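Some notes on the structure that comes next.
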Amino acid sequence: MFPARYTVFILCIVLALVALVLTFALSGYFVWPFLVFAVLSAIGYLDVRQTRHAILRNYPVSGHFRFLFEAIRPELRQYFFESNQDGRPFSRERRSMVYDRAKDIEDVLPFGTELDVYDTSYGWVNHSICPKPHNHEDMRVTIGGPDCKQPYSASLYNISAMSFGSLSGNAILALNKGAKAGGFYHDTGEGSVSRYHRQGGGDLVWELGSGYFGCRADDGTFDAEKFAKQAVEPQIKMIEIKMSQGAKPGHGGVLPGPKVTEEIAEARGVPIGTDCISPASHSAFSTPVELLHFIVQLRELSGGKPVGFKLCIGHRWEFMAIVKAMLKTGIKPDFIVVDGAEGGTGAAPVEFANRLGTPLRQGLTFVHNCLVGTGLREDIRIGAAGKLISAFDIAGALALGADWVNSARGFMFAVGCIQSQSCHTNRCPTGVATQDPKRQQALVVPDKAQRVANFHRNTLKSLRDFSAAAGLSHPREFKPEHFYLHEGLREIMPASVALSWLKKGALLEKSHNIPGYSTYWEMAEAESFHPAKSVEAAKSAHA
């Protein structure tokens, strides 16, 4: 007797033999089922003989169904079993909102909210009994500190960093054409400025990562001459140094040589077919003071354009060390973009994506407080990024200290992404996150560019309406007291009470004991990212 787990395999052999007999005895048509069952029998034999998969050795033939169902599991869940609120990282309801706005059709919700308004993670903005008339003032913010010669007027909502190479050429072109049509900027990501960015003609923020792509010397270090040549181009409006990103903070990356095509090599300034390496840290600076001098160098080489940096908050004393360096040197960045740990990327280790870095709300308020507490906030603009795709998301970020907001995945949805989560496979079904020429052809640039512009316009329209309903004349008037959070299981508090807010100059006082700030302030020093003293020693200074 054979084990029951071999039933399908044995049945295939038996049916193949029966079909073979019937082929000679009755009709030649039986050759087709014979071939089918013969092939399945051969597969079963190979399954039993192979040593890589225990399931196939124990369940020849039938074991393959396990791999089939596993392969189509995301599609089954998304299309048949997922509720409007279940999808991750973005629910079907939130994705549908973006699709509707991108298509310029009505994005309304029937029958009331499906959200659990009593859940502890639920947040909201209170409305006013005297709503304001809808404001048609430009939704923009001027970025550029005292040392900036070419300040930039940015939209309150822009395309966050996504590199050519991670995204297809057609996706980059559609995003940039949409940005040009809508009057907002497009962050290049650390992959530098590609031919598709230039062809689109939209405003660019050139993100400078640790690989210095686009201004890279042969040894992988920063090349000032190459930087200056590209940075002065009129299409480039700002320079952003990437310190870290939310989805994989503190993690470098390698684009294998076989994936470095002629177009990618052209944009990044690397040889075709050679491994493209992004180290975990920068070589142009190693201390907070050196970072600020690098900012001065970039500002001068770019002709006085706004220069800042992007980071996901990690060790608090490290950011405070940068703040102390600002106070010591008098050098200030024109802007800081705070990326939340909830940010996305094409590929990241699971532990990095799930358990490393500070979420946006906490990181944003910390950066805002540090700058307020040292009297620097008025000269430095703050951007925010991390799953911000709705008017409420933008309003919440503005209330917690941001001056403007960036979004990557929101605009990816607008350009056609369906959240298949196959970005790292080069098999994106919509041609957004792939370098496969055939798959890219599915993305029709003129149509998707219009959707990008539509999504931006309709989101800002919703933000205007949302602000007016809250009794505000402009979104910049959102303050912590407008943003409500559940505190514990019972208390409901505005963010002005639920979170800590520092007074101007509070960290400059001779003595202070501010929870979450004073200890780290003692640990920080301008000359190093390493702590100047231990946590215990820093705490004892306030005892």
Side-chain angles (χ1 to χ4, degrees), residues 85 89 91 93-94 109 112-132 156 246 312-313 316 319-320 338-343 357-374 377 382-405 462-463 465-507 509 512-521 542:
Q85 304 301 331
S91 68
E93 180 182 276
R94 282 164 64 79
L109 186 69
T113 182
E114 293 183 12
L115 298 176
D116 181 0
V117 298
Y118 297 103
D119 186 87
T120 54
S121 63
Y122 182 76
W124 71 95
V125 169
N126 278 348
H127 68 282
S128 171
I129 202 170
C130 302
K132 292 289 182 89
L156 291 185
C312 176
I313 294 297
R316 289 193 163 198
F319 180 76
M320 286 181 159
V338 183
D339 204 7
E342 59 269 50
T358 304
L360 178 60
R361 288 181 186 174
Q362 288 76 13
L364 175 60
T365 55
F366 175 73
V367 169
H368 173 76
N369 275 330
C370 286
L371 297 181
V372 170
T374 51
R377 182 65 177 89
I382 298 178
K387 293 183 73 175
L388 306 175
I389 65 172
S390 71
F392 171 72
D393 298 335
I394 300 173
L398 297 178
L400 298 181
D403 293 300
W404 85 92
V405 163
S462 180
L463 181 60
D465 297 346
F466 199 73
S467 304
L472 307 178
S473 299
H474 194 278
R476 71 169 67 95
E477 296 177 11
F478 277 110
K479 296 292 185 288
E481 53 266 28
H482 296 117
F483 189 67
Y484 276 74
L485 303 164
H486 281 286
E487 182 71 13
L489 297 177
R490 295 183 301 167
E491 296 293 333
I492 297 172
M493 296 183 180
S496 56
V497 177
L499 304 174
S500 298
W501 301 97
L502 273 59
K503 295 180 180 179
K504 185 175 181 179
L507 291 175
E509 296 175 0
H512 49 78
N513 190 6
I514 308 168
Y517 289 86
S518 295
T519 297
Y520 299 112
W521 185 251
H542 304 290

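Side chains included, hydrogens not; waters and symmetry mates left out as well; all remaining heavy atoms used. Bear in mind the structure is a predicted one, so any value in this text is a computation, not a measurement.
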Look up atom [atom1] in [X] and atom [atom2] in [Y], then write down how far apart they are to the nearest 0.5 Å.
X      : Y      : atom1 : atom2 : value
Trp124 : Leu485 : CH2   : CG    : 7.5 Å
Leu360 : Asp393 : CG    : CG    : 9.5 Å
Arg476 : His474 : CZ    : NE2   : 4.0 Å
Glu481 : Asn126 : CD    : CG    : 11.5 Å
Arg94  : Ser390 : CZ    : OG    : 5.5 Å
Leu398 : Asp403 : CG    : CG    : 8.0 Å

Under 3.5 Å, is there a donor-acceptor pair linking the side chains of Asp465 and Ser462? no
Do [X] and [Y] have side chains that approach each other closer than 4.5 Å (heavy atoms only, starting at C-beta)?
X      : Y      : answer
His368 : Ile382 : yes
Leu499 : Asn369 : no
Ser91  : Glu93  : yes
Tyr484 : Val125 : no
Leu507 : Ile514 : yes
Glu477 : Ser467 : no
Val338 : Gln362 : no
Leu502 : Phe366 : no

If you compare all heavy atoms of [X] against all heavy atoms of [Y], which two are closest, and at what distance to 0.1 Å?
X      : Y      : value
Val405 : Ala397 : CG2-CB, 3.7 Å
Cys312 : Ala341 : SG-N, 4.0 Å
Lys387 : Pro89  : NZ-O, 2.8 Å
Pro359 : Glu342 : CA-OE1, 3.4 Å

For atom OH of Tyr520, is the number of surrounding heavy atoms from other residues, nucleotides or ligands below 6.0 Å larger than 12? no
Phe478 vs His482 aromatic rings, parallel, tilted or perpendicular, using cut-offs 30° and 60°? perpendicular
Parallel, tilted or perpendicular: which fits the ring planes of Phe466 and Phe392, with parallel below 30° and perpendicular above 60°? perpendicular
For [Y], does its backbone N or O pair with a side-chain atom of [X] as donor and acceptor, under 3.5 Å?
X      : Y      : answer
Asp339 : Gly246 : yes
Arg361 : Leu400 : no
Thr358 : Gly363 : no

Begin from the C-alpha positions of Trp521 and Cys370 and carry the test side-chain contact (heavy atoms from CB on, under 4.5 Å) through to its verdict. CA-CA 9 Å; Trp521 185 251; Cys370 286; over 6 Å; no
